[in-house]
Each structure stands twice: as C-alpha cells, then as structure tokens.
Amino acid sequence: MIQRSTRTLVHLVALLASCWIALPAQAELSITRGSQAGSGLTESTPVPEWVYTVRPGESFDELASTLLARNISASRLLQHNGIDNPATIGSGDSLRIPLAWLQRQPDPARARSVVGQVQLISGNDGRKRPLTDDMLVRVGDEILSHSGTATVELADGSIVRIAPNSRLAFNRLTQYGKSGMVDTRLRLNRGEIETQVKPIIEGGSRFEIETPSAVAAVRGTMFTLRTAPGRTDVRVTEGAVSFGPPGKTRRIPAGYSATVSTVGVGGMNIRQLPPAPTINPFPPQLKQLPAELSWQSNGASTHRVDIFDAETGRWMDSSRVNGDSFNVDLLDNGRYDIHLAALDSRGIAGMPGIIDVEVDLQARTATLEQPEAGAAVNDDMPEFRWQFRGENEVGRVEIAEDQDFGNLVATSEWAPDQSALPSRPLSPGQYYWRVVTEAGGNSVATSETRPFIVNGTLPPARIISVNYVDSQVRVFWQKVDTAAEYRLQLSEEPRFNNIIKEATLSDTTAALRLIPGRRYFVRLKALSDGPLESRWGPGRELFLE
C-alpha cells in the first residue's frame, strides 16, 4: 500500500524547500512550478518533472493513456514512482512524470482580428495569401504585415499584436497533452509586436521570441519587442522577461526597458521606463465623438496613444502625439482600452496609463429638406438634401416605387454629407424617398417618407406576344418601370375610334374572349401613381378563326 500521509508530507517538504507553487491546469490538473528568481537578474533552472494529482474515479491505465507519449509504457511510469501495484493508486495521490514522457502535439494559433493589408506565408509551400479573421496560423507559417495590423491568439490564450511593417515567424507551437504546458517559439525578423502572455507553468512550459540580435524568454507578462538591423528593444510593463543576446540573457522586470545592440561596442543597456502619465478625468462612456483625451505635462515632448478593441484585442490606432492632448475619434460603438505612454529619448514608450471607455453613439432621424413632399422635378438625377440631428452620423438616400420601400430603385453612398444624388437616372414617374442615418456602426434611424414626381412621359407599353386558346386570346406586354397600372383598349378598327372594351390592369397580361371570324385591335398605355402616363403603344391585330 502507498503511505499517502508520508508521501504527502515528503512532497510538502520538497515544495517548501524549493519554493514550488501548485497551479491548476484545465481545471483537473495540479502542476508543480520551478522556483522563481528573486530580486536578481538571472534565470532559474526549470524542474524537469511535472506532478499530477489523481482525481476521484480516475484509474491509472486511463491516466497513462491520456498523459504519456506513445513510446512510454505505463509500467515505466509505475517504476519511476516506485509503485508495484497500480491498484493502490487512489484519489489525492501524486504521480511524478518526466516532462519528456508527456504527449506533445502541435496546436495552431488563430488570427483574432486583422486590419488592413496583412499576409500569411505558408510554411509548407511558401505561398502568400491575405490573412483574415479566424484564419489558423500553423508551425512554420509567417505573418507579414504591410500597412496593416493583426492580433493573434495562441493555444494557451496568450495574445500577440503585430504592428505594421513587421515579419513574425511561428517556429514552434507545441502543447503537452492535457497538462496545460506549452512550448511556443517565435522569431521576429523585423518590426514590432506587443504581447500579453499567460502565466507560464514552470517545469516544462516555454515561451521565447527570437530576433536577429536577441532573445526574450517569457514567464507570463505584458511586453513589447521591437527589432531593426543591429538592434532589439524590449519594454516590460507587467511581469518580467529574460532578455539579451543568446546565452547572456538577464531578467528585465516591469517598469524597465533594455536594448541589445550589435553596432559599435554592442552589449545590453537597461533603463527605467518613464512613469505612466497622469490622465485628466475622461468620461467612461462617450455619446459623441471626437472626445479630447488630455493629461498632465510630465516633461516628455512626445507621447504614444494606442487604442485596442477590448473584446477582440484589435489594434485600432497607434499615434505619436506632440503636446498633452489627443482627439479620440472614428470609433464604432463598443468597448476600448486606451494606452497612453511617454516616449523616451530612444523612442521607447514608457509605462502606460490605461483607461477603459465605451463608445455609445446613437443615430437620430434626419430632417428632410429637398425635394418637398409631392414636388415635381424635371431632372432625372435630382439632388436630395437633409439635415443630420445627431453626432458622428453618416447617411444615405433610399428611393423606391412604393411607400413600403419593398423595391429600391436607387440609393446613394454612405457619407457624412447632407446632400446626395441617386445612384442612377430615374425614369419619369412617382417615387418615394427617405434618408437612413447610422452612428457607431450599429445604431440606425430612418426618416419620414416623402413622395415626389420626376416629370416626363412614361415609355409606351409594347405587346410582346399573343396566344390563342379555343375562343380566348391572351395578350402579354412589356413591363414599364415606375408604371403602377396599364390601360387596355379593344377596338374593331385600327384607328381606335370606336372602343368596344376598356380596362385598367395591374398585371402585364390579359385574357380576352373574342367572336371567331371577326378582326379586333388592341393597344395599351402605362399609368403611374401620379399624373404621368405614357402615350398609347402600337396596336396589335387579333383574329380568332
């Protein structure tokens, strides 16, 4: 039998002796972590084993098949833990598993959001294709941002934001079975990334970013890495980063930046970051834009403002600002994180002042001006005018043949202007127009509806076919745009001086009963809802034998 109490005591002593900390992984695992470095700048050595605590109802065979790599037998795990009979293992017991014995599988990253021109370079065939939202990023792939930005989420929930003009390679994306441990290795060949890394489970997890001149090893932090020919900068705002030339890294804590240079004397320079600026009171909810963000002067001549979408992590804007104010503008409705930092003499941003803000713009109905209700216009491309009543609104004109706008015949482009022309010329007839306004990307309002008339005459209605069936004749004619109805006349002579039948029809076909052996003539004209109508179309002879 396993002496659980003795083993637990031994395990506790070992934990206290090495300052290990137990953390959960995916809700069912208990992980032992390696010792953290103290106030010094050197790294600690990872513990080569992972300790798993058995849960109620779990069998040893089940655990072995779930956790161990295929080439590692369950008996080796028993032997490693000094256990003769697996039946003696119960809830609460601990199993030591060498890290090299755990299952490993690649776990792709995912593009959470992409703005602008960004490309994915395949690690399989080298093909380039546009990077889009939700696209998977696999081992060997590279992301090349041109004028755009991308936010990538790794398998463990860590976030990497890629700035414009950057190139980032994904060299390793490995997950250790269900242990919660990962091995992530990236290479930033040029440009800048900002990362938010989940706390690393020590004893196995690894998160490294390599550049041409330095390497950054991360244990759960927020930092920015920037590289250019001959130089790499790191800026740590939370946690700590082991940073420096390969084999000569030092621990850079939050509030510091470091630069590795291969130019001249070279070496590494560590500096304290400028403190976070004091931001003046700013409303947590914005009902209109632009809104002025201001801060107290702190001696820095230049600041950097970064705006992130709080839900997707999308990098919405990054601006360098001279002075002590910035206009927040051009944002859709939603929640945002605004980071403000002073830039030091090397252009590295300091500790950020962070505020959360919600943009909640509401569209209001526009006030229509021209044309007035029932007005008649002589232009087939009339100008429409209105007035916005809200803030930061765009609008467009919608034109329809019916009051319900079931059939739009023309629109205008969405624009902040308060006048527009229709998207195409309008045929003579009666129409209805309105203005739809939008604010914040999802708030919409619709104005009143006004009728108007485009002067002129409707095109004639032309008969396109005649079918004879027994004593009935069916006549078909071409639809006339903007026509609401058609008037049909039937005569026994081609001049239509003596009308024997007249009817108003809403369809483009009519059935007539005729006397066999007699000749008839039929013609049609188009009618609108207003005063406009067409001239009579050409007559068509009908004869039923």
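Along the sequence shown, the residues carry numbers beginning at 1. From a predicted model like this one, the values you see are computed outputs, not experimental measurements.
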Practice prompt. For the residue pair Asn467 and Val473, establish whether any side-chain heavy-atom pair is separated by less than 4.5 Å.
Written response: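 The answer is no, as the side chains (C-beta and beyond) never meet within the 4.5 Å cut-off.
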Which word best sums up how the rings of [X] and [Y] line up, parallel for under 30°, tilted for 30 to 60°, or perpendicular for over 60°?
X: Phe384; Y: Trp433; answer: tilted
X: His303; Y: Trp295; answer: tilted
X: Phe496; Y: Phe521; answer: perpendicular

So for atom [atom1], which belongs to [X], do other residues, nucleotides or ligands contribute more than 12 heavy atoms lying within a distance under 6.0 Å?
X: Glu492; atom1: CD; value: yes
X: Arg424; atom1: CZ; value: yes
X: Arg385; atom1: CZ; value: no
X: Lys501; atom1: NZ; value: no
X: Glu413; atom1: CD; value: no
X: Gln472; atom1: CD; value: yes

Listing, residues 365-374 side-chain donor-acceptor contacts under 3.5 Å, not counting sequence neighbours, or none:
residue: Thr365; atom: OG1; partner: Arg389; partner atom: NH1; Å: 3.2
residue: Glu369; atom: OE2; partner: Gln387; partner atom: NE2; Å: 3.3

Taking the basic N atoms (NZ, or NE/NH1/NH2) and the acidic carboxylate oxygens, is any pair closer than 4.0 Å for [X] and [Y]?
X: Arg127; Y: Glu142; answer: no
X: Arg519; Y: Glu541; answer: yes
X: Asp233; Y: Arg231; answer: yes

Pairwise distance [atom1]([X]) to [atom2]([Y]) - rounded to 0.5 angstrom:
X: Thr504; Y: Glu502; atom1: OG1; atom2: CD; answer: 6.5 Å
X: Tyr486; Y: Gln478; atom1: OH; atom2: CD; answer: 9.0 Å
X: Ser158; Y: Phe207; atom1: OG; atom2: CZ; answer: 5.5 Å

Worksheet item: Does the cation-pi check pass for Arg518 over Phe543, that is, NZ or CZ under 6.0 Å from the six-membered ring centre and within 45° of its axis?
Response: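 The answer is no, since Arg518 fails at least one limit relative to Phe543.
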Fill in: Aromatic Phe308 / basic Arg161 pairing, under 6.0 angstrom, 45° off normal
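Positive - Arg161 is close enough to the ring of Phe308 and near enough to its axis.
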Worksheet item: What do the steps show when you test Leu186 against Val160 for side-chain contact (heavy atoms from CB on, under 4.5 Å), and what is the final call?
Response: CA-CA 10 Å; Leu186 312 177; Val160 179; 4.3 Å; yes
Without placing hydrogens or testing angles, list every side-chain donor-acceptor pair under 3.5 Å for residues 278-292, not counting sequence neighbours.
residue: Asn280; atom: ND2; partner: Ser294; partner atom: OG; Å: 2.9
residue: Gln285; atom: NE2; partner: Glu358; partner atom: OE1; Å: 3.1
residue: Lys287; atom: NZ; partner: Asp360; partner atom: OD2; Å: 2.7

